[in-house]
Visitor: 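The structure follows.
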Amino acid sequence: MDINTLTHEAQSAFKATFENDATITAAAPGRVNLIGEHIDYCDGFVLPFALEQNIVIAAAPNGTSTARLASSMGGDTVEIDLVGDILESTPKWANYPRGVMQYFREQNGCTLPGFDAYITSNVPAGGGLSSSAAFELAVATLLEGLTAITMDTREKALLAQKAEHNYAHVPCGIMDQFASAFGENNHLVLIDCQSGQPTLVPFENPDLTVIVANTCVAHELSDGGYAARRKNTEDGLAIIGKNSWRDVSQDDVESAKDQMDDTTYRRSRHVVGEIQRVMDAVKALESNHFAALGTLMDASHTSLRDDFEVSCEELDIMVEIAQSIGTDGGVIGSRRTGGGFGGSTVTLCESSKADAIIAALHTQYESRTGITPEIFTSRPSQGARILEGTSHGKQVLQSSPEELDPIG
Ligand code: ADP
Ligand code: MG
């Protein structure tokens with residue numbers, strides 16, 4: 001479903017639910033990470049892009065001091081009182097907008113007008129494609145429109161991350177919210193997670209296609225596995241005795257091996273290897289050396305599976321199928337993507353063979369697991385924005401991505 005259809009759907013559902021016309025529509029995309037996994041919280045580099053798939057919210061002021069939210073995912077309309085502090089509550093899905101609304105008010109020193117909103121989406125929820133960041137950024141962007149306050153893009157992404165930390169209890173790094181906020185058509189968003197600087201890397205070769213394959217195995221990020229990995233990396237860095245993973249070499253990891261348990265050692269080996277792979281991937285892209293990029297993606301998967309242990313049987317099967325199709329069949333590289341322990345894989349392939357690859361992934365995955373996957377292609381697309389209805393608010397000096405070689 002394209003963005004226009006989704007927008008239309010949001011606006012008609014808004015009208016059916018609230019018996020009124022929406023006056024403003026905001027959208028924010030999910031993201032897929034090409035390479036650089038579980039290192040956004042380790043001062044690493046990551047290379048995601050904003051998907052064509054979005055969360056779209058149609059809304060209108062309602063003249064009260066209450067926000068009323070409904071989602072196409074179902075459930076009753078949720079009412080949120082905008083007068084006092086906005087606290088966590090049920091249903092859980094409304095905690096994303098609750099957190100964003102609370103911090104938006106705090107950070108901008110403003111009040112929020114009462115409003116009605118209807119949420120639609122074609123970002124799979126819980127599929128490792130960050131529907132949560134898309135949701136947060138769509139709400140933050142909607143609030144910009146409703147209050148006529150335009151936030152700096154970085155500040156808006158950080159606000160969304162804070163909502164994810166404190167209202168969804170996922171201690172995520174900055175990748176998801178930065179990709180959803182800073183995404184541009186035909187560009188990957190290289191994020192230096194040490195400096196917090198995004199850099200746009202052109203990705204417009206029509207001969208290349210990115211396939212996203214959702215294994216449809218659910219994952220839970222707040223159940224401890226993610227936080228445990230963060231702890232492992234903090235322990236590793238402390239034993240190595242450096243302040244930042246960016247200053248750690250694979251030799252440093254080897255030198256500290258005897259002081260670490262095997263788990264901490266393997267986690268550390270992943271972090272250092274993955275940071276290097278992202279830097280190599282950017283160079284491979286810049287020199288149109290796509291086979292090298294594919295090899296790096298494959299190596300990333302192996303490291304995430306064996307050393308960082310954030311894969312699962314279904315992800316391994318999906319990657320195995322892609323890798324077995326191989327370069328002759330048009331597959332350049334394949335790996336699991338996202339912070340979770342289920343979710344999706346990302347496969348880089350030759351555009352002319354994409355349809356055949358999708359068909360093979362679908363059939364073989366289904367026959368091996370009994371699960372029907374959800375598979376689609378996506379080009380790098382635009383980040384969070386107002387689609388309809390304008391905000392005439394004060395303009396702020398925007399932090400904008402660079403567009404040059406950041407690594408040299
Ligand atoms: P991911 O970010 O990988 O999709 P998460 O578990 O972080 O997975 O976020 C998924 C959660 O985000 C859902 O369980 C739901 O609470 C919320 N969410 C996502 N999309 C929507 C939507 N369209 N409407 C309401 N809530 C949504
Ligand atoms: Mg998420």
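These figures come from a predicted structure and were not determined experimentally. Atoms within each ligand, like the ligands themselves, are counted from 1 in listed order.
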Visitor: When you measure from the centre of the six-membered ring of Phe45, is the NZ or CZ of Arg246 under 6.0 Å away and within 45° of the axis?
Guide: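 Judged by the rule, Arg246 and Phe45 form a cation-pi pair.
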Visitor: For Ala125, counting its heavy atoms only, list the atoms of ligand 1 lying under 4.0 Å from any of them.
Guide: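 Within the 4.0 Å cut-off of Ala125, ligand 1 contributes 4 (O), 19 (C).
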Visitor: Should the proximity of Ala134 to ligand 1, defined as any heavy atom under 4.0 Å, be assigned to the side chain, the backbone, both, or neither?
Guide: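 None of Ala134 does.
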Visitor: Hey, what's the ring geometry for Phe18 with Phe14, parallel, tilted or perpendicular (30° and 60° as the breaks)?
Guide: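 Answer is tilted, since the angle falls between 30° and 60°.
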Visitor: Have a look at Met73, Glu136, Lys92, Glu164 and point out the one with the heavy atom closest to atom 27 (C) of ligand 1.
Guide: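 Selected option, by shortest heavy-atom distance: Met73.
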Visitor: Backbone or side chain, does any N or O of Ile119 fall under 3.5 Å from an N or O of ligand 1?
Guide: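 No, no N or O pair falls under 3.5 Å.
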Visitor: Would you mind running through ligand 1 and noting each atom that sits below 4.0 Å from a heavy atom of Gly127?
Guide: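 With Gly127 as reference, the close atoms of ligand 1 come out as 3 (O), 4 (O).
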Visitor: Which of the atoms in ligand 1, numbered in the order shown and given with their element, are less than 4.0 Å from a heavy-atom of Pro124?
Guide: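 What qualifies from ligand 1 is 4 (O).
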Visitor: Quick check for you: to the nearest 0.5 Å, what is the distance between Met297 atom CE and Ile332 atom CD1?
Guide: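 Separation between the atoms: 8.5 Å.
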Visitor: Could you tell me which residues satisfy side-chain hydrogen bond (donor to acceptor under 3.5 Å, both in side chains) with Glu106, sequence neighbours excluded, listed by chain and number?
Guide: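 Counting only residues at least two positions away or on another chain, Glu106 forms a side-chain hydrogen bond (donor to acceptor under 3.5 Å, both in side chains) with Gln102.
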Visitor: Against heavy atoms of Ser71, which atoms of ligand 1 measure under 4.0 Å?
Guide: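 Matching atoms, with element in brackets: 22 (C), 23 (N), 24 (N), 25 (C).
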Visitor: Numbering the atoms of ligand 1 from 1, which are under 4.0 Å from a heavy atom of Leu129?
Guide: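 Answer, ordered by atom number: 3 (O).
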Visitor: Taking only heavy atoms of Gly128 into account, list the atoms of ligand 1 that are under 4.0 Å away from them.
Guide: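 With Gly128 as reference, the close atoms of ligand 1 come out as 3 (O).
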Visitor: Using a 4.0 Å cut-off to any heavy atom of Ser121, which atoms of ligand 1 qualify?
Guide: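 Within the 4.0 Å cut-off of Ser121, ligand 1 contributes 23 (N).
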Visitor: Would you mind checking if Arg267 and Glu309 are paired as a salt bridge, meaning a charged N to carboxylate O distance below 4.0 Å?
Guide: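 Answer for the salt bridge query: yes.
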Visitor: Using 4.0 Å as the upper bound for N to carboxylate O, is an ion pair formed by Arg277 and Glu274?
Guide: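 Yes.
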Visitor: So, 2.8 Å as the limit: is an N/O/S atom of Ser132 located closer than that to the Mg ion (ligand 2)?
Guide: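 Here the distance criterion (N, O or S atom, under 2.8 Å) is met by Ser132, so yes.
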Visitor: Does a side-chain heavy-atom distance below 4.5 Å link Pro373 with Thr215?
Guide: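 Side chain of Pro373 against side chain of Thr215, heavy atoms only: no contact under 4.5 Å found.
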Visitor: Using a 4.0 Å cut-off to any heavy atom of Ile55, which atoms of ligand 1 qualify?
Guide: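 So the answer, numbered in order with elements, is 20 (N).
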Visitor: Once you round to the nearest 0.5 Å, how far does OG of Ser344 lie from CG of Asn33?
Guide: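 If I round to the nearest 0.5 Å, the distance is 12.0 Å.
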Visitor: Could you name the option among Ser132, Cys172, Gly338 that has the heavy atom nearest to atom 7 (O) of ligand 1?
Guide: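 Comparing heavy atoms across Ser132, Cys172, Gly338, the nearest one to atom 7 (O) of ligand 1 lies in Ser132.
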Visitor: Using a strict threshold of under 4.0 Å (side-chain N to carboxylate O), is an ion pair present between Arg269 and Asp307?
Guide: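 Looking at Arg269 together with Asp307, the answer is yes, because their closest N to O distance falls below 4.0 Å.
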Visitor: Ligand 1 versus Asp176, non-hydrogen atoms closer than 4.0 Å: side chain, backbone, both, neither?
Guide: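 Neither part.
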